[in-house]
There are 2 protein chains.
Amino acid sequence: MLVLSRLADAASNAASEAAAISAVDPIARRPLHAAAIDRLREAIVRGELAPGTRLNERVLATQLGISRTPLREAFKLLANEGLAELLPNRGAIVTPIHAERIEQTLRVMGALEALVGELVCQNASDSEIANIRALHFEMRAAHARGDLRAYFDHNQAIHLALVQATGNSVLLQTYRQLNDNVRRVRYMANLSASRWEVAVAEHEAILQALTARDGMRLKELLSSHLAQKTAAVLAVLTEPITAVTA
Amino acid sequence: MLVLSRLADAASNAASEAAAISAVDPIARRPLHAAAIDRLREAIVRGELAPGTRLNERVLATQLGISRTPLREAFKLLANEGLAELLPNRGAIVTPIHAERIEQTLRVMGALEALVGELVCQNASDSEIANIRALHFEMRAAHARGDLRAYFDHNQAIHLALVQATGNSVLLQTYRQLNDNVRRVRYMANLSASRWEVAVAEHEAILQALTARDGMRLKELLSSHLAQKTAAVLAVLTEPITAVTA
DNA sequence: TTTTTGTATTCTGCATGCAAATTAAGGAGA
DNA sequence: TCTCCTTAATTTGCATGCAGAATACAAAAA
């Protein structure tokens with residue numbers, strides 16, 4: 001029942017994010033019990049369902065208020081996205097976090113961000129840039145408040161907005177999928193005050209490069225920013241993993 | 001019934017390819033009627049189910065010899081991979097080919113290939129390189145024979161082997177997914193003799209750079225090779241699309 | 001002839017039921 | 001006490017059934 005309430009909490013969040021994205025999502029107006037499934041995905045990404053957790057069909061279906069059929073379809077999707085693993089005749093588990101796989105994912109994201117740096121300066125509209133600037137200051141507000149969770153959320157929103165502003169929806173979709181796998185780790189991390197400062201400073205520079213539409217510089221900045229992030233994430237993984245279930 | 005026989009033909013192909021890949025596939029030992037679903041995916045990629053085709057659940061389920069439930073699960077997967085589109089309450093269609101989307105996909109693949117160039121020279125084992133060389137000569141054999149279909153297949157195999165030899169399974173999975181969307185166009189194209197020559201020459205250079213483990217050069221070669229491919233693919237799309245259903 | 005509206009048919013979306021596989025439990029033997 | 005084997009209880013995988021939505025069709029009106 002504990003898990004149930006958490007899943008319910010996550011619902012509104014997932015819904016609003018889905019709405020924000022839907023304009024670009026190729027599977028735009030989805031049928032099925034999409035909300036319930038977004039809820040499940042979000043629960044995995046946010047670590048509310050810890051890596052390795054067995055996903056019992058009947059139990060989860062009851063908790064989500066749907067039947068097993070659409071839930072099984074969701075499992076297939078999640079497996080395809082790397083968030084769950086399907087064990088033949090033994091159901092699904094939340095994909096365990098392997099440092100190597102996360103590292104590989106970040107490498108691929110690095111390649112994508114290089115492309116983002118190139119494209120976004122060419123293609124972003126002024127209003128998109130203005131929106132990113134607004135997100136940036138909301139993020140700084142969260143930083144000033146010391147609200148780590150809100151900081152992460154705005155941080156994510158900025159990076160997604162950057163990718164979206166490239167105008168390349170394939171890039172966005174690919175990025176999101178990889179990002180979801182990394183976010184799971186991110187939620188496990190605590191940021192030291194100094195590293196947090198550095199990250200904010202990096203974002204400041206990113207915003208400037210974007211405003212100046214300096215593609216080359218933005219590419220470099222995103223690259224080094226990701227390198228920082230990679231280091232931080234891998235640091236978390238080499239420590240004994242104390243999954244943040246709370 | 002015509003489609004049925006074609007799907008049956010594709011079965012062995014898909015099965016053998018799946019076996020070759022399974023070692024890296026994260027959803028390795030899959031449950032469900034995986035063979036039937038691979039068959040369907042392959043039919044879409046090979047253009048045997050033309051873009052825009054309505055995917056009738058009951059009809060397809062009968063043709064594939066499975067029930068609607070696993071087929072619907074397959075639809076979700078295909079939609080997630082971009083090969084099908086889900087229309088709420090109106091079922092699924094084979095994703096229509098839009099030049100813009102293909103172009104975006106190729107752009108993303110370009111970013112990934114840059115990474116491939118870097119990584120493969122560092123990480124490929126000698127036996128993997130030897131295997132790629134073998135594939136290369138098989139491809140040349142197909143070229144000499146003038147067998148376009150076999151040429152394409154070996155060509156694909158080489159590129160996948162290159163990506164696989166990076167040792168980055170996330171990269172491979174991402175690449176494969178994007179590649180499947182482009183392959184559909186590729187099968188529609190005919191190659192002029194001169195362009196075919198050029199492509200083979202490019203592959204020759206790629207093999208040399210790989211043998212020398214010259215990462216920077218390989219990166220450049222892959223980049224220009226993809227640029228060629230992009231031009232060829234987009235050329236096909238600007239022509240009136242006469243989908244090759246046969 | 002063209003448009004429109006009401007009805008019948010088809011099809012999707014989901015819940016449920018059943019068989020096969022897996023896991024858990026219990027008891028016999030070492 | 002531990003191991004191995006037999007058996008019961010879960011659990012998955014898939015087929016099927018049913019309600020609701022969408023489409024196709026036909027008759028009536030313009």
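Letters go in sequence order (proteins before strands), and every chain restarts at 1. Source: prediction; values computed, not measured.
- In this structure, the side chain of A/Asp180 does not engage the main chain of A/Gly82 through any donor-acceptor pair within 3.5 Å.
- Atom NZ of B/Lys76 and atom P of D/dC14 are 15 Å apart (whole Å).
- Between B/Arg176 and B/Glu81 there is no salt bridge, since none of the side-chain N atoms of the basic residue sits less than 4.0 Å from a carboxylate O of the acidic one.
- The residue among A/Arg54 and A/Arg58 whose nearest nucleotide of DNA chain C lies closer to the 5′ end is A/Arg58.
- Rounded to whole angstrom, the span from the CG atom of A/Asn56 across to the C1' atom of D/dT11 amounts to 7 Å.
- Atom CG of A/Leu55 and atom P of D/dT12 are 9 Å apart (whole Å).
- As a whole-Å value, the separation of A/Glu73 CD from C/dC14 P is 7 Å.
- The nearest whole Å value for the distance from the CD1 atom in B/Ile93 to the C1' atom in D/dA22 is 15 Å.
- Within 6.0 Å of the CZ atom in A/Arg184, the count of heavy atoms belonging to other residues, nucleotides or ligands exceeds 12.
- Nucleotide C/dT10 holds its C1' atom 13 Å from the CG atom of B/Asn89, rounded to whole Å.
- With hydrogens and angles ignored, a donor-acceptor pair under 3.5 angstrom links the side chain of A/Arg68 to the base of D/dG13.
- Contacts of A/Leu71 with the nucleic acid, taken as non-hydrogen atoms under 4.0 Å apart, are absent.
- Put simply, A/Arg72 has a side-chain N or O that comes within less than 4.0 Å of OP1 or OP2 on D/dG13.
- Heavy atoms from other residues, nucleotides or ligands lying under 6.0 Å from CZ of A/Arg186 number more than 12.
- In this structure, CG of A/Leu87 is placed 17 Å from P of C/dA21, rounded to the nearest angstrom.
- At the phosphate of C/dC14, neither OP1 nor OP2 sits under 4.0 Å from any side-chain N or O atom of A/Thr69.
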Checklist line | A/Phe75/B/Glu73 under side chain to side chain contact (heavy atoms under 4.5 Å, CB included): CA gap, chis, key distance, verdict | finding: CA-CA 9 Å; A/Phe75 283 177; B/Glu73 295 176 356; over 6 Å; no

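- Checking C/dC14, C/dG13, C/dA21 against every side-chain atom of A/Pro70, the shortest atom distance belongs to C/dC14.
- Between the CD atom of B/Glu57 and the P atom of D/dG17 there is a distance of 16 Å, given to the nearest Å.
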